[in-house]
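If you scroll down you'll find the structure; I have some questions about it.
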Amino acid sequence: MTPKEEIEILRKTLEQHNYNYYVLNQPTISDFDFDQMMNKLQDLEYFYPQFADPNSPTQRVGSDLSQSFKTVAHKYPMLSLANTYNEGDVRDFYERVRQGLEGEDFEICCEMKYDGLSISLTYVDGVLTQAVTRGDGVQGDDVTANVRTIKSIPLKLRENTGYPQEFEIRGEILMPWTSFESLNAEREKNGEPLFANPRNAASGTLKSQKSELVASRKLDAYLYYLLGDNIPTDGYHFQNLLEARKWGFKISEGMRLCRSVDEILDFIEYWDKERKNLPVATDGIVLKVNSLRQQRHLGYTAKSPRWAIAYKFKAERACTRLNMVSYQVGRTGAITPVANMDPVQLSGTQVRRASLHNADIIEELDLHIGDMVYVEKGGEIIPKVVGVDKSQRTAEMPKVRFITTCPECGAPLVRYEGEAAHYCPNDTACPPQIKGRIEHFISRTAMNIDSLGPETVDDFFKRGLIHDVADLYKLTAADISNNNKNRSVSSLKIVNAIKNSVNVPFERVVFAIGIRFVGATTAKVLARHFKSMDRLMSANLEELINVDGVGNIIADSIVTYFKNLRNVEIIQRLKEAGVRMNVSEDEEKGNTDILAGKSIVISGVFAKHSRDEYKEMIEKNGGKNVSSISKKTSFILGGESMGPTKLEKASTLGIKIIDENEFLKMIGDT
C-alpha cells in the first residue's frame, strides 16, 4: 500500500468514526484506538506534505457551541491538550520540556483530569460576573444563569482572602456518580433514553433553558487554572491553586508537585486504581509545568500548549455473561441491538446493558447467548461489547442472529445502501416511530412547543389523544386535564404553546415533519429553493437532485415520503390548522443573489455581528457557508484571532480574506 493510499484510508475511517460519535452518538471504537489512528495520520501527513488536504480529520476543530445561548469571545483562548496513553510519551514530554528550558530545573504539577464540561469563570471585585463554555476555544456560550445554580461555585468570594480585583478561573463542570445514577433511574422509569455517561448528562444539563432543572440535577465543579492581568507573572501554578482554594473555590486534593519522571509515573499508577473511589468521573492525569515564567518560555503550538499534556487512562474492561439481545426502535426506524448482561461494575457504575450497534458488529463478534463477553466503557463512550471469551462457550449456546422484522410492529426490516443500520419502514404505524416523530416535531429546533416533552407525548399517546403530529392541533385544555382542576393551568399553557407554533418559519416546518435523512440544514435549503410545501411535494427526483446539497439518497427519501398518502393527509391537516406552508414575505424580504455560487468560510471573532448572524446573511444573499478551506472557497470572512492553520491554508491556496466591514459593504448592509 502506498503512503497516499494509506492516508486516504485513514481519513475515510476517522471521518466515519467522527460521524458515529458526534452525529449518531453511537461510537464504535475507544478513545485510545481513535487517537492511535489520528496520530498515525498526523505522522504520515507530516512526512508526505504533498498529500496535504484542508479537509483532513487532522484539521478538524471540535466545538460545543449552542445556538441557544449568547456567544462570547474568550479573553484568553481555551486550547485543548495533546493526549498520550503510555509511559514512553510521558518520558518524551518530560524530555521536551527539559530541552526547551535548556537544562533549567523545573517542576511538574500533576492533577486529575476530570471528565466534564470545560468552563471559564470571570470574577470582578470578588463577584462571579460571567461563565462561558469552551466552545471552539476562541468563543463559547454564556451559561452564567445556569452556573449560578451550582452550589460548589462561589457567587461571591470569601472576604479578605487576597484575591485579585479581576481574574478568570477555569475548570470542569461535572455530574457526580450518585446524581448520574439517580437521574438515569428516573429517566428509565419514565421511559426516556438514558444518558451515556456523566459528562453527556452534565453537558446536556448545563445547556438547559431552565435553570431550575440545572439546580435539581446537583452538578459539581472542580477548578484547575488561574488567569488574569493581575496574577503574579513570576508565580507558580500549584501555589495559585492553593490560594484559589482559600478564596472559596473547590480545588482537587488530587494534586502533586513532581520533580522526576518516576514521581510522575508513580502518581499516574496510584490514581489509575484509586480514581474508582472518587465521587466524579475522571479519565486521566494532566501534567503542567509549574512555573508560569517557564510556561511562557515554552509557549504554544497551533493547537495546544507545549508546557502541558494529558495522560489518559485506558478504558476499563470487565467480563460478564450475555443473557439476551433486545432490540430498540428509534425515531427514524433505526434498529439498535442491545446486549443484556449480568450486572458488572465498570467505571464507577453498574452496567447491565451495552450497545451492539448493528448486525455487522454482532456478526463480527460471533456472539452466542450465554457467552462470557468483555465490556468496555471509557469516560467518553457508551458501554459496548468489545470481545468474547470463546474458551467458555459450550455447544448448546445458540448463535445470536439479527432480527428480520420490527420488534414493535412486525414489519419486515430494510437496510439502505451505504447504511450500517437496519430500519423499520413502517413509519406511519410503528408506535416508537410515531412517538419519536411527535417528539421531533415539538422539539426546540423544529416547532419549538416547549411546554411538551417525551413524558407528555407518551401520556397523550397512551390516552389516545394523539396518533400523529396533526392531532396536536385538535387538543383542548379539557382533553389534556381530563377534568382535573389541578392541571387546568398547565393544560392551557400547552394548548397556547401549540397554537403559537404555527408561526415558526417554513424551513423549520420542513424539518419538523420528519422526512428521513432531511436534517435542519437540508430543510433550510429545500425551503428556500422550493418556497412552498406544494412545490416541494410535487418535485420529481431530477428536480430534487439538482438542488445544491441534495443527493440521490435524500431525494429518493423525499419522493418516497410524499408518495405515502398518510403523510400527505397529515400535511393537509397541518395546513388547515394554520401551520406555515410557504416562505413568508418577511422571510423573503432582503434576500438577494449577490453571493450566489460563492462558498464562504467564516473564521475569527467579530465586533459588529455574531458568527451565526453572518452565516444567516450569507445564506440570505445566496451564498453557501462551508467549514473548511479548499480550492473551491471563494473567500474567507475573517475576524480577530483567526487560527494560524487557516491563515496558512489561505495563503497557500491564494484565498482572499476580507474583514467584516468589507463584507457588509459587499452585501449592501449600511
Side-chain angles (χ1 to χ4, degrees), residues 13 16-17 20-21 24-34 181 184-185 188-189 191 193-197 276 314-330 333-416 419-426 430-432:
T13 304
Q16 181 61 44
H17 287 306
N20 292 344
Y21 184 87
L24 303 180
N25 196 28
Q26 295 178 353
T28 56
I29 63 170
S30 67
D31 288 353
F32 176 80
D33 292 334
F34 183 92
E181 290 168 354
N184 263 354
E188 186 170 26
K189 180 182 176 181
L194 305 186
F195 283 112
N197 50 55
K276 298 169 188 175
K314 290 184 179 178
E316 189 179 347
R317 177 179 288 195
C319 191
T320 187
R321 186 178 307 280
L322 174 67
N323 296 317
M324 65 172 291
V325 175
S326 57
Y327 297 85
Q328 297 176 338
V329 184
I335 308 296
T336 302
V338 178
N340 295 261
M341 310 163 297
D342 286 347
V344 62
Q345 196 73 12
L346 198 60
S347 296
T349 58
Q350 196 172 64
V351 174
R352 293 182 174 84
R353 291 154 59 86
S355 174
L356 290 168
H357 302 297
N358 55 57
D360 292 343
I361 298 295
I362 290 176
E363 190 61 33
E364 184 180 321
L365 290 168
D366 184 29
L367 283 179
H368 288 61
I369 299 299
D371 271 341
M372 296 302 295
V373 296
Y374 294 106
V375 186
E376 193 173 275
K377 186 183 77 165
E380 302 191 19
I381 60 173
I382 299 168
K384 66 175 182 177
V385 176
V386 295
V388 181
D389 183 358
K390 295 183 179 179
S391 67
Q392 299 192 56
R393 181 181 292 168
T394 57
E396 69 274 11
M397 292 181 180
K399 182 178 175 64
V400 176
R401 301 191 184 281
F402 201 86
I403 57 175
T404 58
T405 59
C406 176
E408 296 286 343
C409 70
L413 301 182
V414 298
R415 186 171 181 177
Y416 300 103
E419 288 280 315
H422 284 74
Y423 289 86
C424 169
N426 185 20
C430 184

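Atom set for the values below is all heavy atoms of this structure, side chains included, hydrogens, waters and symmetry mates excluded.
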ask   = So, do Leu365 and Leu356 sit near enough that their side-chain heavy atoms are less than 4.5 Å apart?
value =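 Touching, per the 4.5 Å side-chain cut-off.
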message = Going by side chain to side chain contact (heavy atoms under 4.5 Å, CB included), Val329 matches just one of Pro407, Cys409, Pro431. Which one?
response =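 Result: among Pro407, Cys409, Pro431, Pro407 is the only option passing the side chain to side chain contact (heavy atoms under 4.5 Å, CB included) with Val329.
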ask   = Just wondering, do Cys319 and Val373 contact through their side chains at under 4.5 Å, heavy atoms?
value =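 A side-chain contact is absent here, since even the closest heavy-atom pair is not under 4.5 Å.
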key: Interatomic spacing from CZ in Arg393 to NZ in Lys399 - rounded to 0.5 Å   = 7.5 Å
message = On a heavy-atom basis, which atom in Pro425 and which in Pro412 lie closest, and how many Å separate them?
response =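 Looking at all heavy atoms of both residues, the shortest contact is CD-O, 3.2 Å.
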ask   = Are Val325 and Tyr327 side-chain neighbours, meaning at least one heavy-atom pair lies under 4.5 Å?
value = yes
inquiry  = For a 4.5 angstrom cut-off between non-hydrogen side-chain atoms, does Asp366 reach Lys390?
reply    = yes
key: side chain to side chain donor-acceptor pair (under 3.5 Å) partners for Asp360, two or more places apart   =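 In terms of side chain to side chain donor-acceptor pair (under 3.5 Å), with neighbours along the sequence ignored, Asp360 is linked to Arg415.
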Pairwise side-chain contact, Met341 with Met372, heavy-atom cut-off 4.5 Å (strictly under) =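 They are not in side-chain contact.
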ask   = So, for Val351 and Pro383, which heavy atoms are closest and what is the spacing to 0.1 Å?
value = CG1-CB, 3.9 Å
query = Which atom names give the shortest non-hydrogen contact between Ser326 and Asn340, and what distance separates them?
reply =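 In terms of heavy atoms, the two residues are closest at OG-ND2, 2.9 Å.
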query = Considering all heavy atoms of both residues, which atom of Ile369 and which atom of Asn323 are nearest to each other, and what is their separation?
reply =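 Ile369 and Asn323 have their closest heavy atoms at CG2-O, 3.2 Å.
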Heavy-atom pair of closest approach, residues Ile335 and Pro337 = O-CD, 3.7 Å
inquiry  = For a 4.5 angstrom cut-off between non-hydrogen side-chain atoms, does Val375 reach Thr320?
reply    =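 Yes; the side chains approach each other to less than 4.5 Å.
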Arg353 side chain near Gln328 side chain, heavy-atom distance below 4.5 Å =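 Yes; the side chains approach each other to less than 4.5 Å.
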key: Within-4.5 Å side-chain heavy-atom neighbours: Cys406 and Asn426   = no
task = Take atom CD of Glu396 as the centre, draw a 6.0 Å sphere, and report whether it contains more than 12 heavy atoms from other residues, nucleotides or ligands.
result = yes
task = Any side-chain hydrogen bond (donor to acceptor under 3.5 Å, both in side chains) involving residues 401-411? Give me the pairs, sequence neighbours left out, ordered by first then second residue.
result =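 Found none.
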task = Just do the side-chain contact (heavy atoms from CB on, under 4.5 Å) check on Leu413 and Cys424 with the steps written out, would you?
result = CA-CA 5 Å; Leu413 301 182; Cys424 169; 4.1 Å; yes
